[in-house]
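Keep in mind that this is a model prediction, so the values were computed, not measured.
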Amino acid sequence: MQNLTLTWQSAGGTAAALHGGSYAVSRWWRRGPLPALLREAGTLLALFALWQLVGSLSLMSAEHALDRASWIHRTELAVGLPDEASWQAAVTPYPVAVKAANYYYASMHFAVMIAVLAWVFVRHRARYAWVRNTVVITTAICLLIQFIPVAPPRMLPQNGFVDVAAEYGQSVYGGAVGGVVVAAQLSAMPSVHVAWCVLAAVAVIKVSTSSLRWLVVLHPVLTVAVVVVTANHFWADGLVAVAILLFAYAVQEAFARRVRRAAARNAAAPGGGTAGGAAGGAGGGTAGGADAAAAGERAGSHRRG
């Protein structure tokens, strides 16, 4: 399968160009949405470039990555989790399903995340900071953990796993433009795929008021099934990713409470009306400011969908 993923060099260069474009456009069009859109796109691409780069770096030797993966598999079985190898074996007799899973794994995590961010930015701007900050915090923590190399299940054939992407010529791990390997083969723990799919689903459910928003739950369900069937992640990889996502939400909520308490104190102080308003405005780019601004957003959300 042709690898359409950007290398970290390409993503980093594009991110720099977008930030430069944002600065240049802002000099001429200060009130339009384009500078902010270019800046946000550049920030997310820079984060993606960092994710790609981590695949070639580590704080520990990569020679024990397979040992760590084997330990994870043994531990899962010891605590009673289902064996991922048996799940994969149930699907491998069906080539169409396997190929579809490989395509889903290679493309949908990034495509869905970009689509959700674009939708929130355009249609629900007041909630965008909360979603974007969650992406940044969650991905940053995942990247820090991934400096410790852990092999994916597909590298453990002795445990019953099969590299179905390589078997069908659909692997994204290699064959990049210029011979640069574009994906991290030893960054299985935690699963950014799982973190992003759950994050995207929560964002849609929290922001939208449409009754159809619950259909987005299919994305994390399919993603978890896909990462297991393709032997790219263990259950533990996904569980740790969800725990990191919950931590990101908790951090933002704690910060939001601090902003609200500061605003209340300033409002209660002599002449605090102006100070309180300033504190609220200062939080506008944060999770707390986004949640506060969302009150007005939700009032009109039924009209926008």
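- Considering every non-hydrogen atom in both Val162 and Glu167, the closest pair reads CG1-OE2, 3.6 Å.
- Shown here for Asn102 and Ala165, the closest heavy-atom pair between the two residues is ND2-CA, 3.6 Å.
- Leu218 and Tyr105 sit in two unconnected hydrophobic clusters of ILVMFWY residues. Membership requires side-chain heavy atoms under 4.5 Å apart, directly or through other members.
- Side-chain atoms of Gln88 never come within 3.5 Å of backbone atoms of Val228 as a donor-acceptor pair (strictly under, hydrogens ignored).
- Contact between Arg260 and Glu253 at its shortest, heavy atoms only, is NH2-OE2, 3.1 Å.
- Cluster membership for Tyr94 and Trp87, using ILVMFWY side-chain heavy atoms within less than 4.5 angstrom, is not shared.
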Donor-acceptor contacts under 3.5 Å from residues 231-247 side chains, at least two apart:
residue	atom	partner	partner atom	Å
Asn232	OD1	Arg154	NE	2.9
Asn232	ND2	Thr230	OG1	2.8
His233	ND1	Ala188	O	2.9
His233	ND1	Asp237	OD2	3.4
His233	NE2	Ser191	OG	3.4
Trp235	NE1	Pro82	O	2.7
Asp237	OD2	Phe234	N	2.8

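- Under the 4.5 Å side-chain heavy-atom criterion for Ile, Leu, Val, Met, Phe, Trp and Tyr, Leu66 and Trp71 are members of the same hydrophobic cluster.
- Side-chain N/O atoms of Trp196 and Thr139 include a donor and acceptor closer than 3.5 Å.
- The same ILVMFWY cluster, assembled from side-chain heavy atoms under 4.5 Å apart, contains both Val221 and Val226.
- Scanning both residues, Tyr104 and His219, for their nearest heavy atoms gives OH-ND1, 2.8 Å.
- Annotation: the span from Leu199 atom CG to Ile137 atom CD1 amounts to 10.0 Å, rounded to 0.5 Å.
- The structure places CE of Met113 at 9.5 Å from NE2 of His109, a figure rounded to the nearest 0.5 Å.
- The OG1 atom of Thr138 lies 10.0 Å from the CG atom of Asn133; values are rounded to the nearest 0.5 Å.
- The nearest pair of heavy atoms linking Val116 to Ala200 is CG2-CB, 4.0 Å.
- Linking ILVMFWY side-chain heavy atoms closer than 4.5 Å, directly or via other members, places Val120 and Val122 in a single hydrophobic cluster.
- Relative to the six-membered ring of Phe121, Arg125 meets both conditions, a distance below 6.0 Å and an angle of at most 45° to the axis.
- Atom CD of Glu84 and atom CZ of Phe161 lie 5.0 Å apart (nearest 0.5 Å).
- Of the inter-residue distances, the one linking Met189 atom CE with Ser187 atom OG reads 12.0 Å to the nearest 0.5 angstrom.
- The minimum heavy-atom distance between Ser70 and Gln158, with the atom names listed, is OG-NE2, 4.3 Å.
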Quiz prompt | Criterion side chain to side chain contact (heavy atoms under 4.5 Å, CB included) on Leu186 and Met155, from CA distance to verdict | solution = CA-CA 10 Å; Leu186 300 179; Met155 290 187 172; 3.8 Å; yes
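- Taking the centre of each ring, Tyr249 and Trp130 come in below the 6.0 Å mark.
- Atom SG of Cys197 sits about 11.0 Å away from atom CE of Met108, to the nearest 0.5 Å.
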Quiz prompt | Verdict with reasoning, Gln252 to Thr134, per side chain to side chain contact (heavy atoms under 4.5 Å, CB included) | solution = CA-CA 8 Å; Gln252 292 191 92; Thr134 306; 2.6 Å; yes
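- The ring-ring contact (aromatic ring centres under 6.0 Å, His included) test applied to Trp214 returns no partner, not counting sequence neighbours.
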Exercise. Would you please test Ile205 and Val217 for side chain to side chain contact (heavy atoms under 4.5 Å, CB included) and show each step?
Key: CA-CA 9 Å; Ile205 291 169; Val217 173; 3.9 Å; yes
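- Between the side chain of Arg68 and the backbone N or O of Pro149, at least one donor-acceptor pair lies under 3.5 Å.
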Practice problem: Evaluate the criterion side chain to side chain contact (heavy atoms under 4.5 Å, CB included) for residue pair Asp83 and His73; output intermediate values, then yes/no. | Solution: CA-CA 8 Å; Asp83 187 359; His73 192 215; 2.8 Å; yes
